[in-house]
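A short worksheet on the structure shown next.
No hydrogens, no waters, no symmetry mates; every other heavy atom, side chains included, goes into these values. Just so we're clear, the structure is a prediction, and the values are computed from it rather than from any experiment.
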Amino acid sequence: MSFTDYTQAVKLGKKDYQSKLINGESPTLEVLDDILHTLKSYKEVSLGLAEIPLDQIVGTKTAARSTAFSGNFMPLLDSSSEFAAKWINLCESQQEEGIKDPITAYEYMNKFYVLEGNKRVSVLKYFDAVSIAGNVIRIMPPKTDDLEVQIYYEYADFYELSEINYLYFTNTGCFEKLQSLVGKEPGEKWSSDDRMNFRSLFQNFRAEYQRLGGDDLKRITCGDAFLYFVDLYGYQDLLSKSNSELTDLITLNYKEFELMSDKAVDLRLTTSHKKASVLSKLFPTGNRTLKVAFIYEKTSASSSWTYSHELGRLHLDTTFEGEVTTIFYDNINSYNIDETIEDAIDEDCDIIFTTSPTFSQASLKAAIAHPKITIMNCSLHHPHSSMRTYYARMHEAKFIMGAVAGAMTENDILGYIADYPIYGTIANINAFAQGVKMTNPRAKIHLMWSCLKDLNIEEQLRAVSPDIISDKDLSVPEAGTRYYGLYRIYSNGIWNLAIPIYHWGRFYEQLIRAILNGTWKSDDTKAKAINYWWGMAENAIDIISSPWLPEGMKRLIELLSKTIRSGDFNPFSGIIYSQDKTIRNGENQTLSPNDIITMDWLSDNIIGEIPIIDELEDKAKPVALQQGLKK
């Protein structure tokens, strides 16, 4: 019987050998010595006895035995050879009592190379075993800025704490995030029970992930998908679920894993002009009233952001009277957002708008669980196939504000008060800076953050003494203040010059019209993930000028607004320098939408920096963690 196994293993080896040759790949095992020969220096670290995942054993330490196996570790030598006899003996041992003798292997960049025990590995791979015991020596490459090396050093630190070597990631910061998600403090070691519970959950996840075809997904690892899954549903909650419950959840989320792999995100920069289908005309949705829920993080009396969305909800009530009814929930936080969304679903809401990026994960979970309910989250750069997202291009208006500020400053010192260091905010700041540079290349912008702990904005302003400031975009009823928009400071007060505003009502109106006229579903044909990012051309953003603004400034605002709306001008076109004098955009180029959204640098006429998470107030950390640039 073992002879038959060897013959079958050789067939598998030759098939793999041929396949790799046809695809232009090396058909035999990788040789670690060949890789180390290219390194200028490295360090060896003994890890002692460890359980080695067999699917991570990819080659041999030396070239001596590499040609005896195909690239999948199946044997290639004739069945009459001494090699074959030894392989067959090991095969019989595995069938009778299991192979117990540990191998000796080197680990480099989370892959293993066998020094002693190649045939044992081959036999166990043939029988689809999961792991093998081995004495492991780690090869540590020199530290560099290379992404793979950075990830590997993070993995090595994580292994010191957890002794887990069977999952890996494609981005930095993931091992640290995993440590936090399982409830461990930085630097806290795992107990044997911790490792056992984690292994059980991960193995269940991996089995279902692979059954669904996860190994064929490109550009992500099973670890990447698992991290997303744990982050979405919570580690302790997942541990408490049965195998069947886990299987159902993984299956529901597989579309999201596919999206992580192919990055098929459709960023909608303009409103759709598609006509309603014939079927939608024959069976109009207008026969039934749509019920729409809005979920706010704060109240409209205490938050200008909530207030602007509430104005949008009221606009829907007026515009679609008799066709649409709306309800709202305010003062919602991370502790009751799941319950609130479920309540909106129980209230028979057809559409739910969650208006804060901090609600994105709860919104996604609900969208996956309730595919017939349309759930949309107000956030940027969150690609999901089960939930659409939306945001507005405020940077277009901020550019115009910058042009006005640059033209009207008398001391060439400007202030810019920002809220959160998240996607979109940096674009707003840099667009303002480019507008300033267009009308006044001498002026400097002092960047201040209202979300920093232990920092007094008023003291900063007194120290800098700007004569014009860009502040929050809108005031709120209970604030009773005029410190918003663009304003000039006087010794006895301020003069509001102009205000950039969100027209969420028009934004929501166009989304609801697409649903009512039947064109909403047709948007699904071109992309798995849809993100609406509308600007001045779509009437999602506008500017209100002070009646007392000089006529020349009013004409400047009108001219720039017109050229941006028409598409004849983009605030991020032409040469742009960052603070370190790096050219971020060429003379005849325009930054792509993705480059604008993910900006993590500041223009060279800005004095200040982008804060990291640890510098923020506690109340600012949730949104920065969800949408932040410097985590």
Give a yes or no on whether the backbone of G535 and the side-chain of E538 come within a donor-acceptor separation of less than 3.5 Å. yes
Quick check: does any side chain N or O of N411 sit under 3.5 Å from a backbone N or O of S465, one acting as donor and the other as acceptor? yes
Whether over 12 other heavy atoms sit under 6.0 Å from R462 CZ: yes
What are the two closest non-hydrogen atoms of L452 and P611, and how far apart are they? CD2-CB, 3.5 Å
Relative to the ring of Y508, is the ring of F294 parallel (under 30°), tilted (30 to 60°) or perpendicular (over 60°)? perpendicular
Can you tell me if Q150 uses its side chain to pair, donor with acceptor, with the backbone of D145 under 3.5 Å? yes
Side-chain H-bond candidate by donor/acceptor type, Y423 with Y391, under 3.5 Å: no
Side chains of Y228 and N253: donor-acceptor distance under 3.5 Å anywhere? yes
Under 3.5 Å donor-acceptor, T354 side chain and M376 backbone: yes
Using the six-membered ring wherever Trp is involved, compare the ring planes of F507 and Y390 and label them parallel, tilted or perpendicular (cut-offs 30° and 60°). tilted
Do N570 and T590 have side-chain atoms, one donor and one acceptor, less than 3.5 Å apart? no
Do the non-hydrogen side-chain atoms of L486 and I499 ever get within less than 4.5 Å of each other? no
Please say which of F226, F158, Y155, Y152 ends up in a ring-ring contact (aromatic ring centres under 6.0 Å, His included) with Y168. Y155
Output, in order, the C-alpha distance, side-chain angles, deciding distance and verdict of side-chain contact (heavy atoms from CB on, under 4.5 Å) for I429 and M599. CA-CA 10 Å; I429 298 167; M599 279 180 177; over 6 Å; no
Ignoring hydrogens and geometry beyond distance, is a side-chain donor-acceptor pair present between S566 and T563 at under 3.5 Å? no
Check whether D330 reaches the backbone of E297 with its side chain - one donor and one acceptor, N or O, closer than 3.5 Å. no
Is it the case that more than 12 heavy atoms not belonging to E558 sit under 6.0 Å from its CD atom? no
Short question: side chain of S261, backbone of K218 - any donor-acceptor pair under 3.5 Å? yes
Using only atom types and a distance under 3.5 Å, with no angle test, would you say the side chain of K398 pairs donor to acceptor with the backbone of N430? no
Counting C-beta onward and ignoring hydrogens, is there a side-chain heavy-atom pair between F353 and C378 closer than 4.5 Å? no
Any non-hydrogen side-chain atom of M394 less than 4.5 Å from a side-chain atom of D473? yes
In terms of the angle between their ring planes, are W504 and W305 parallel, tilted or perpendicular, with boundaries placed at 30° and 60°? perpendicular
Strictly by modelled atom types, are T221 and D224 linked by a side-chain donor-acceptor pair under 3.5 Å? yes
Can you confirm whether M408 sits close enough to D467 that some side-chain heavy atom of one is under 4.5 Å from a side-chain heavy atom of the other? no
Going by side chain to side chain donor-acceptor pair (under 3.5 Å), Y532 matches just one of R388, R268, Q510. Which one? R388
Hey, mind stepping through L414 and I469 against side-chain contact (heavy atoms from CB on, under 4.5 Å) and telling me if it holds? CA-CA 6 Å; L414 304 171; I469 294 174; over 6 Å; no
State, without any angle test, whether S592 and N594 hold a side-chain donor-acceptor pair at a distance under 3.5 Å. no
When you measure from the side chain of Q579 to the backbone N and O of G608, does any donor-acceptor pair fall under 3.5 Å? yes
Just checking, any donor-acceptor pair under 3.5 angstrom between side chains of D580 and S578? yes
Between S360 and S379, is any side-chain donor less than 3.5 angstrom from a side-chain acceptor? no
Hydrogens and angles aside, do Y484 and D471 bring a side-chain donor and acceptor to less than 3.5 Å of each other? no
Classify the side-chain pair S546/N496 by whether it contains a donor and acceptor separated by less than 3.5 Å. no
For E256 and H384, indicate whether the former's side chain and the latter's backbone hold a donor-acceptor pair under 3.5 Å. no
Taking D614 first and then K453, would you say they form a salt bridge - that is, a charged N and a carboxylate O separated by under 4.0 Å? no
All heavy atoms of Y296 vs all of E310, minimum pair found to be OH-OE1, 2.8 Å
For L461 and P466, the nearest pair of non-hydrogen atoms, with its separation, is O-CD, 3.4 Å
Run I151 and F175 through side-chain contact (heavy atoms from CB on, under 4.5 Å) and show every step you take. CA-CA 9 Å; I151 294 171; F175 285 104; 4.2 Å; yes
If we check side chain to side chain donor-acceptor pair (under 3.5 Å) with N440, which of these qualifies: D412, T409, N605? D412
Please step through side-chain contact (heavy atoms from CB on, under 4.5 Å) for the pair M536 and S561, ending with a clear verdict. CA-CA 8 Å; M536 298 185 76; S561 297; 3.6 Å; yes
R488 backbone acceptor or donor facing W495 side chain under 3.5 Å: no
If we only count heavy atoms from C-beta on, is the L516 to R513 side-chain gap below 4.5 Å? no
Give a yes-or-no answer on whether the side chains of Y502 and H309 include a donor-acceptor pair shorter than 3.5 Å. no
If you look at every heavy atom in A431 and H395, which pair is closest and at what distance? CB-O, 3.2 Å
